[in-house]
2 protein chains.
Amino acid sequence: MNIDDIAKLAGVSKATVSRVLNHRPFVREETREKVWQVIRDMGFSPSIIARNLSLKKSQCIGVILPEIETGFYSELLKSMDLEATLRGYFLLVTFSHSARELGWGEKFLHSGMVEGLIVMMPEVSEVMIKNLMKWGRRVVVLNKKFSKPFVPTLNVDDVDASYQLVSHLLQHGYETVGIVTGPKENFDSQERLVGYMKALLDHGKKFDPSLVEEGDFTEISGYEAVERMSGRGKLPRAIFFSNDAMAMGGIRWLEKKGIKIPEEVAVAGFDDVELSKHLRLTTVRIPIKEMGKIAVESVLGIREEREIIVKGELVIRESCGC
Amino acid sequence: MNIDDIAKLAGVSKATVSRVLNHRPFVREETREKVWQVIRDMGFSPSIIARNLSLKKSQCIGVILPEIETGFYSELLKSMDLEATLRGYFLLVTFSHSARELGWGEKFLHSGMVEGLIVMMPEVSEVMIKNLMKWGRRVVVLNKKFSKPFVPTLNVDDVDASYQLVSHLLQHGYETVGIVTGPKENFDSQERLVGYMKALLDHGKKFDPSLVEEGDFTEISGYEAVERMSGRGKLPRAIFFSNDAMAMGGIRWLEKKGIKIPEEVAVAGFDDVELSKHLRLTTVRIPIKEMGKIAVESVLGIREEREIIVKGELVIRESCGC
DNA sequence: GTGAAAGCGCTAACAC
DNA sequence: GTGTTAGCGCTTTCAC
């Protein structure tokens with residue numbers, strides 16, 4: 001069953017059926033109604049493939065996902081899906097491994113299967129991106145900073161986000177603010193530490209190494225970090241955990257010791273995961289929904305900026321007592 | 001640049017170019033070489049869209065992802081990507097929300113954008129699936145059991161997997177084996193508990209409720225569960241945690257108390273996440289790679305079975321002392 | 001071996 | 001308003 005069959009059954013030409021299908025004007029109301037009737041009766045749905053060939057588009061956006069998954073990228077993918085679907089686009093997804101091994105660039109970009117490509121691979125190199133760009137399609141890179149802006153990128157300002165959060169704590173008047181960092185070698189962790197130090201500096205506090213503990217982003221490590229901090233003397237008046245999971249571990253330890261939050265120790269996290277709302281945890285939210293939307297808009301050429309940086313958003317709840 | 005241009009440049013007809021592109025026989029070797037030469041020189045890549053229209057296929061498999069993501073589905077998606085790519089297919093991905101709200105069934109299935117659909121939504125209903133099936137494309141449902149097999153499904157045998165694991169511990173001679181379950185209302189958790197009880201029964205042990213603790217699949221909950229277990233008396237000789245995260249929490253607690261693993265308490269988990277290897281944790285692996293492969297084969301009609309059930313795989317490491 | 005020509009199912013000028 | 005027709009870029013049958 002194709003557009004010709006419908007045309008015959010409705011007693012019109014296929015041009016008219018096409019007009020009706022695409023809600024174009026210049027069709028008499030009664031003709032339109034008759035055509036719809038036949039379309040409904042026949043349960044007809046036009047072939048997207050033929051339509052795409054005719055229009056020379058694919059309605060597909062390619063997405064390359066990183067090999068290792070933290071949940072962050074699933075969320076991002078979800079918000080991209082929402083935006084893409086709203087705009088009538090499909091998401092063609094693959095993982096970086098397949099992308100590299102199996103000539104994704106050639107297969108997808110050059111052959112016209114996708115109109116643009118969103119790349120989410122922290123380990124991507126400038127050369128790889130340039131290789132992908134040579135097919136003449138739009139490419140957008142997420143969560144990766146290059147020294148020169150040769151391709152549109154979209155990043156989160158981690159330094160600013162942790163600066164906002166720690167400043168908030170300091171402005172509230174807390175004398176001592178400790179930090180539980182992620183692994184030393186982790187880039188995000190480093191940026192969050194920088195934001196913390198910058199905030200201290202700007203508020204006339206001096207950096208106290210005894211208020212810094214290293215964790216590994218797991219719940220347990222937050223638990224143990226606070227325990228160590230406490231073992232070294234008095235706990236700081238407020239603790240900034242470099243992610244929510246560690247904050248949760250920290251809260252468990254504090255609660256177990258009967259230490260009141262936020263009356264005795266204020267607590268803040270980073271990420272705003274689902275659970276944080278229930279725990280009333282003050283934290284910073286990465287605007288994932290916004291990022292997905294921006295990525296899609298950017299790959300579709302609706303946005304033109306070279307380097308897009310989104311700010312984290314302070315989420316103030318009871319755990320910081322502010 | 002299209003197939004006609006290449007044909008002209010190579011001084012042949014487009015039929016010949018098509019034969020060369022598709023590695024068909026009946027082309028003189030020197031003609032073939034000349035055509036390839038032009039294709040390479042021009043950096044030509046045929047339009048997949050046109051090819052698909054001509055062949056009446058789309059080379060796309062649709063995948064519906066669940067709204068909530070546990071990491072399991074990302075892994076599954078990754079293995080499906082691998083298999084699909086190997087078979088020359090693309091994965092068109094969307095999330096259940098978009099799928100429902102925006103008429104995915106009609107848009108994707110009926111319009112011919114995808115040749116089949118893999119559905120991963122734990123909350124999917126029989127009616128929804130039947131609705132999707134009416135477009136005449138193959139549909140495969142993962143991780144969902146229906147009372148009647150009206151659609152091909154692919155599931156993990158959780159009961160069997162935990163049975164295997166607990167049997168292994170019992171066969172090793174451990175007198176008492178405790179369990180830390182997931183949330184009571186969780187279906188997977190229930191199945192794992194059933195496997196545990198079945199193993200006890202088959203090995204002539206009686207079920208001791210004091211050796212059962214409930215967790216919530218988080219690391220901390222495993223930690224606390226063992227603590228509670230210990231508070232109630234002597235710890236069992238071996239503990240089966242219903243997932244690896246809880247096992248890790250349990251291990252942290254035991255190590256902190258200086259209890260030797262596996263000499264004093266043997267430990268086993270479930271899932272075989274990345275970290276488990278490093279911790280030398282005995283566990284059960286869900287064959288995600290195999291599942292992804294099967295799902296793709298099934299949706300492409302390479303497999304015909306109605307109900308596919310895959311078995312978990314015992315991964316024996318040092319933590320169980322066997 | 002190779003080429004001409006007829007589709008695949010749709011869109012969009014252009015004519016009426 | 002509606003129909004005719006020429007593509008979109010490829011595959012494939014059938015002559016030669």
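Hydrogens, waters and symmetry mates are skipped; everything else that's a heavy atom, side chains included, is used. Each chain gets a letter, A, B and so on, in the order its sequence line appears, and its residues count up from 1.
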Among the nucleotides [options], which one has an atom lying closest to any side-chain atom of [X]?
X     : options               : answer
B:R28 : D:dT11, C:dG3, C:dG1  : C:dG1
A:L53 : C:dC8, C:dT2, D:dC8   : D:dC8
A:S47 : D:dT12, C:dG9, D:dG3  : C:dG9
B:A50 : D:dC10, C:dT2, D:dG3  : D:dC10
A:T31 : C:dG3, C:dA12, D:dT2  : D:dT2
B:R51 : C:dC8, C:dC10, D:dT11 : D:dT11
B:V27 : C:dT2, D:dG3, C:dT11  : C:dT2

- Task: Taking only Lys NZ, Arg NE, NH1 and NH2, and the carboxylate oxygens of Asp or Glu, determine whether B:K34 and B:E29 approach each other closer than 4.0 Å.
- Result: no
- Item | Charged N-O contact under 4.0 Å between A:R138 and A:E304 | yes
- Message: Regarding B:V17, tell me which of base, sugar-phosphate or nothing describes its non-hydrogen contacts under 4.0 Å with the strands shown.
- Response: nothing
Length of the line joining [X]:[atom1] and [N]:[atom2], which is rounded to integer Å:
X      : N      : atom1 : atom2 : value
B:R19  : D:dT12 : CZ    : C1'   : 8 Å
A:D4   : C:dG7  : CG    : C1'   : 12 Å
B:N52  : C:dC10 : CG    : P     : 15 Å
A:N2   : C:dT11 : CG    : P     : 12 Å
A:H23  : C:dT11 : NE2   : C1'   : 16 Å
B:K8   : C:dG3  : NZ    : P     : 13 Å
B:H110 : C:dC10 : NE2   : P     : 11 Å
B:F26  : D:dT11 : CZ    : P     : 17 Å

Verify the contact: side-chain N or O of [X] to OP1 or OP2 of [N], cut-off strictly under 4.0 Å; return yes or no.
X     : N      : value
B:S13 : C:dA4  : no
B:S18 : D:dC10 : no
A:K14 : C:dG9  : no

- Message: If I compare all heavy atoms of A:R24 with all of A:V27, which pair ends up nearest, and what's the gap?
- Response: O-CG2, 4.1 Å
- Message: So, under a plain 3.5 Å distance rule, would you say the side chain of B:R24 forms a donor-acceptor pair with the base of C:dG1?
- Response: no
- Message: Under 3.5 Å, is there any donor-acceptor pair linking the side chain of B:R32 to the base of C:dG1?
- Response: no
- Give the ring-plane orientation class for B:H23 versus B:W36, where under 30° counts as parallel, over 60° as perpendicular and anything between as tilted. tilted
- Message: For B:S54 and B:P25, find the nucleotide of DNA chain C closest to each by heavy atoms; which residue's nucleotide sits nearer the 5' end?
- Response: B:P25
- Message: Does A:K57, at its NZ atom, have more than 12 non-hydrogen atoms belonging to other residues, nucleotides or ligands within less than 6.0 Å?
- Response: yes
- Message: Please identify which of these residues, B:I64, B:V140, B:I61, B:V141, meets the side chain to side chain contact (heavy atoms under 4.5 Å, CB included) condition with B:L117.
- Response: B:I64
